[in-house]
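Notes follow the structure.
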Amino acid sequence: MQKKRDYKKEYREYHGKASQIKDRASRNSARNTAVKKGSAYKGDGKEVDHKDNNPRNNSSGNTRVMPKAANRARPRRKIG
């Protein structure tokens, strides 16, 4: 039997932290910029990739639109 996920605990301990809120807002901003430029469309199954893995660096040279599977398969740097 699988353990039920505690979403309130996840938000309290991770998603609700100020740094995570800023990162999420920056990712959303990068996506909105790509949509405005016409390189991404609503429901297209693509994501905005940050080449340096820093979601707050939304410079045009650091972001690119790629398929969701390819973006999530990319290795990420380990922090800490």
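Residue indices begin at 1 and follow the sequence shown. Because the structure is predicted, anything quoted here is derived from the model rather than measured.
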[X] side chain to [Y] backbone, donor-acceptor under 3.5 Å:
X     : Y     : answer
Asn58 : Ser26 : yes
Thr33 : Ser29 : yes
Asn57 : His50 : no

Members sharing Ile21's hydrophobic cluster (side chains within less than 4.5 Å):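 In the cluster with Ile21 are Tyr11.
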
Minimum heavy-atom distance between Tyr41 and Arg31, given as atom pair plus value: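 Answer, listing the atom of Tyr41 first, then Arg31: O-NH2, 2.9 Å.
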
Exercise: identify the closest heavy-atom pair between Ala34 and Val65: CB-CG2, 3.9 Å

For the [atom1] atom of [X] and the [atom2] atom of [Y], what is their distance to the nearest 0.5 Å?
X     : Y     : atom1 : atom2 : answer
Lys46 : Met66 : NZ    : CE    : 10.0 Å
Glu10 : His15 : CD    : NE2   : 4.5 Å
Arg64 : Lys51 : CZ    : NZ    : 5.5 Å
Thr63 : Asn54 : OG1   : CG    : 12.0 Å

Salt bridge (charged side-chain N to carboxylate O under 4.0 Å, His left out) partners of residues 33-42, not counting sequence neighbours, each pair once: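 Passing the test, one end in residues 33-42: no pairs.
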
Non-neighbouring partners of Lys9 that pass side-chain contact (heavy atoms from CB on, under 4.5 Å), sequence neighbours left out: Asp6, Arg12, Glu13

Salt bridge present between Arg72 and Glu47 (N-O < 4.0 angstrom):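 Glu47 and Arg72: salt-bridged.
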
